[in-house]
Every structure is written in structure tokens, then in C-alpha cells.
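Quick notes on the structure that follows.
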Amino acid sequence: MGSVAELNPATLAALIALVRKHTGIAMTERKSVLLERRLRPRMDALALGSYQAYMDRVESDRSEIPHFIDLVTTNDTQFFRTPQIWDYIAKRFLPEWQRSHPGACLNIWSAASASGEELYSAAMLCEEFKLQHGPLPYRILATDISQQMLELAAAGSYAGRSVERLRASHPALAARYFVADGAGVRVKDELKRNVSFARHNLLQPLRPAQQFDLILLRNVLIYFDAEHQQAVIDCARPSMKPHARLILGESESIQRLASEYSFEAPMIYALRESQP
Ligand SMILES: C[S@@+](CC[C@H](N)C(=O)[O-])C[C@H]1O[C@@H](n2cnc3c(N)ncnc32)[C@H](O)[C@@H]1O
């Protein structure tokens, strides 16, 4: 359908407000081309002739909300994104944690997991750690607001650049933890054994309440304004065990927000009261 009406300033403002309402994501008017490109195919599929008609559909038909969320979220990710963080987890966090919690189960939360590369990176490091240092019971909870992303993460099938990059950066792990699957690869079942998935909006407290030793909250705060960043870290706070670490993305910081977290190293935060 080529006749979809233009995204005029008033409709764009209403659309940006709708994105914020359902996801917390703060978009500016500069995102109009991106919104147009992402929403038009869906509007065409529903035979809706204007953005206003599509917004009315989102507001009146709850079953459209997950589609809308899938379309407006940005889900770029990769295995072992930001290598220094994975070095920190493998060489410092895991050995220290195992020493101070003998026999306990390590609980990890991949809090905006997108298509799962982050959570399987964590699972691979735990499996590697077990091979070298003995038992390390662990559980990983992967959550995202996008149902479509969670389904991809649960399937654990990857192809294209995602796999090429992994093979280049971690050839031994690519060979050990993946099997051929059509044109791409699929994570082996042993990597999925300790993983569970749930849809979760970071602007709400995690339900049922759970506490973690390591929270990966990476490359998602950048999409929120300061008010919603504050809400996200406040909601994550009860999910931190006293000695947990919170890991952010490369261009993210919470130092300017009022927070109970203290800076340990770039991207790495602990709870204030647990500082030595
Ligand atoms: C760029 S990806 C980051 C993936 C991964 N953490 C990484 O660092 O590679 C951002 C993810 O945040 C999710 N997201 C956006 N708003 C969210 C919200 N309010 N609650 C939960 N997840 C959200 C998106 O669906 C997307 O999958």
C-alpha cells in the first residue's frame, strides 16, 4: 500500500509519546525516518492507511502492543561485546565469586538480552570456568521487553556476521559450544541447560522477585532519558545481592544519577554498602 499518509510533526510527537509509554525509550524527532521505515510494513500488513490509525490500533487492541514493541526497539548485539568486560568476568569476577561462595549457585541476569548472544557468552565463560576450576553451579535469567527477541534467544540459532565475528574472536569456543544448523549454527543444549527466559520491562520491578550475583544491564540505558534511567536502576536495585556487580554498556554510566550503586571500574558497579 503506497498511500500511507506522511508522518507529520503532530503525529510524530504522538508516536514518540506512544513509544515512551510502552517501552520507556526516549526518541527525538530525528528518529522519524527510522520509525517510518519500521512501522510502514506493519501498517501495510494491517491495511491501515495512516500512522494515526496504527496508533489507534495499538491503543485499542492489546494484541498489537508486542508487535509495536518489537518494531520500535533496537536489538543490536554480539557475542563477547566489549571484550574487557568478559575479561573481567572470566579473570576476576568468577574466581573471586567461587572463592567467596564455595558450593553456591551463581545467579546471573541478562536484563536486556536481545537475541541472546550476551547470555550465551556468559554461559560459555561459566562452562569454561568449570572445565578449568571445577564445579560452578550457575543459573542465567534472560529477559527482554521484546517477545520476538526472547524467542530468538531461546532458539539459540545464529548465522551471518554474528557467527563470523565469534569464530574470529573465539574460535575454540565457537567450535566447542555450537553445532551446525542449516546455513548457520545453534548453541549446544549444554549451554541452554541453566538458562530461563521471561518477558520483562525494566521500568518495573522483576516479578517474581529474584536476587542475582551479576546483572548485565548493557546497551539499554542509552535509549532512556535520565528520568527513566533512574527508574531502571532503582527497579534493578532489589535484584542485587549484597556483593553483586552491575555491568553497563560501553557508553553508559550511572554516576550522575542518584543511586545506591558505587563505581568500581568503567561500566562496573557494586552496591554502596558492600564496598570494602
Ligand atoms: C541494543 S540491545 C542490547 C543487547 C545486549 N544487552 C547487548 O549489550 O549487546 C537493547 C535491548 O533492550 C531491550 N529493551 C528496550 N527497552 C526495554 C525495556 N523497557 N525493558 C526491557 N528491555 C528493553 C530491547 O528490546 C533490546 O533487545
Side-chain angles (χ1 to χ4, degrees), residues 16-27 31 34-35 38-39 58 65-89 108-125 140-156 158 160-163 165-166 169-170 195 197-207 210 212 214-237 239 245-254 266-269:
I16 287 171
L18 197 63
V19 171
R20 186 178 158 91
K21 173 179 164 187
H22 287 287
T23 66
I25 294 170
M27 287 186 170
K31 295 287 180 196
L34 176 131
L35 282 170
R38 290 185 179 181
L39 296 183
V58 173
I65 296 172
H67 296 288
F68 178 63
I69 290 173
D70 289 343
L71 292 171
V72 299
T73 49
T74 298
N75 317 108
D76 301 336
T77 186
Q78 49 183 277
F79 291 102
F80 298 107
R81 181 179 196 174
T82 312
Q84 66 266 38
I85 282 304
W86 300 100
D87 263 11
Y88 162 81
I89 294 173
I108 301 175
W109 180 17
S110 171
S113 65
S115 41
E117 285 88 332
E118 176 180 274
L119 79 96
Y120 292 122
S121 301
M124 282 188 269
L125 290 193
I140 300 176
L141 173 67
T143 65
D144 201 282
I145 197 172
S146 164
Q147 187 61 37
Q148 190 182 39
M149 283 301 121
L150 284 174
E151 283 164 18
L152 288 175
Y158 301 97
R161 276 205 332 151
S162 180
V163 178
R165 280 210 199 106
L166 176 67
S169 64
H170 296 78
V195 182
F197 299 89
R199 204 173 92 77
H200 171 63
N201 184 343
L202 290 166
L203 291 163
Q204 293 158 7
L206 187 62
R207 292 284 175 264
Q210 290 181 62
F212 300 90
L214 182 66
I215 299 183
L216 304 170
L217 182 69
R218 303 171 64 232
N219 302 298
V220 63
L221 287 179
I222 35 168
Y223 297 105
F224 301 138
D225 60 20
E227 181 195 336
H228 279 89
Q229 289 181 352
Q230 183 75 56
V232 169
I233 62 163
D234 289 348
C235 284
R237 165 67 185 85
S239 296
R245 292 295 180 268
L246 174 75
I247 313 272
L248 305 183
E250 227 163 311
S251 49
E252 296 168 326
S253 162
I254 53 173
M267 298 173 266
I268 304 172
Y269 293 81

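Quick caveat: nothing in here was measured; it's all calculated off a predicted structure. We count ligands from 1, going down the list as the structure has it; atoms in each ligand are counted the same way.
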Quiz item: Would a line drawn from the ring center of Phe80 to the ring center of His170 be shorter than 6.0 Å?
Solution: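 Yes: the rings meet the under 6.0 Å criterion.
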In the structure I gave you, are the side-chain heavy atoms of [X] and [Y] within less than 4.5 Å of one another anywhere?
X      : Y      : answer
His22  : Ile65  : yes
Glu117 : Tyr158 : yes
Ile215 : Arg245 : no

Exercise. Determine whether the side chains of Ser239 and Trp109 contain a donor N or O and an acceptor N or O closer than 3.5 Å.
Key: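 Distance-only check fails for Ser239 and Trp109.
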Quiz item: Do we see a donor-acceptor contact under 3.5 Å between the side chains of Arg38 and Thr73?
Solution: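 Distance-only check fails for Arg38 and Thr73.
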With backbone taken as N, CA, C and O and side chain as the heavy atoms from C-beta onward, which portion of [X] lies under 4.0 Å from ligand 1: side chain, backbone, both, or neither?
X      : result
Thr143 : neither
Arg81  : side chain
Val220 : side chain
Asn219 : both
His200 : backbone
Phe224 : side chain

Got an N/O contact under 3.5 Å between [X] and ligand 1?
X      : value
Gly24  : no
Thr23  : yes
Ser146 : no

Quiz prompt | Close approach of His228 to ligand 1, heavy atoms, under 4.0 angstrom | solution =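 Judged by the 4.0 Å heavy-atom criterion, His228 does not count as contacting ligand 1.
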Side-chain atoms of residues 216-226: list all donor-acceptor pairs with protein atoms under 3.5 Å, sequence neighbours left out, distances to 0.1 Å.
{"residue": "Arg218", "atom": "NH1", "partner": "Glu118", "partner atom": "OE1", "Å": "3.0"}
{"residue": "Arg218", "atom": "NH2", "partner": "Arg81", "partner atom": "O", "Å": "2.6"}
{"residue": "Asp225", "atom": "OD1", "partner": "Glu227", "partner atom": "N", "Å": "3.3"}
{"residue": "Asp225", "atom": "OD1", "partner": "His228", "partner atom": "N", "Å": "3.0"}
{"residue": "Asp225", "atom": "OD1", "partner": "His228", "partner atom": "ND1", "Å": "3.2"}
{"residue": "Asp225", "atom": "OD2", "partner": "Arg20", "partner atom": "NH1", "Å": "2.3"}
{"residue": "Asp225", "atom": "OD2", "partner": "Arg20", "partner atom": "NH2", "Å": "3.3"}

Quiz item: Taking only heavy atoms of Arg218, which atoms of ligand 1 are found under 4.0 Å from at least one of them?
Solution: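 Listed by number with element: 3 (C), 5 (C), 6 (N), 7 (C), 8 (O).
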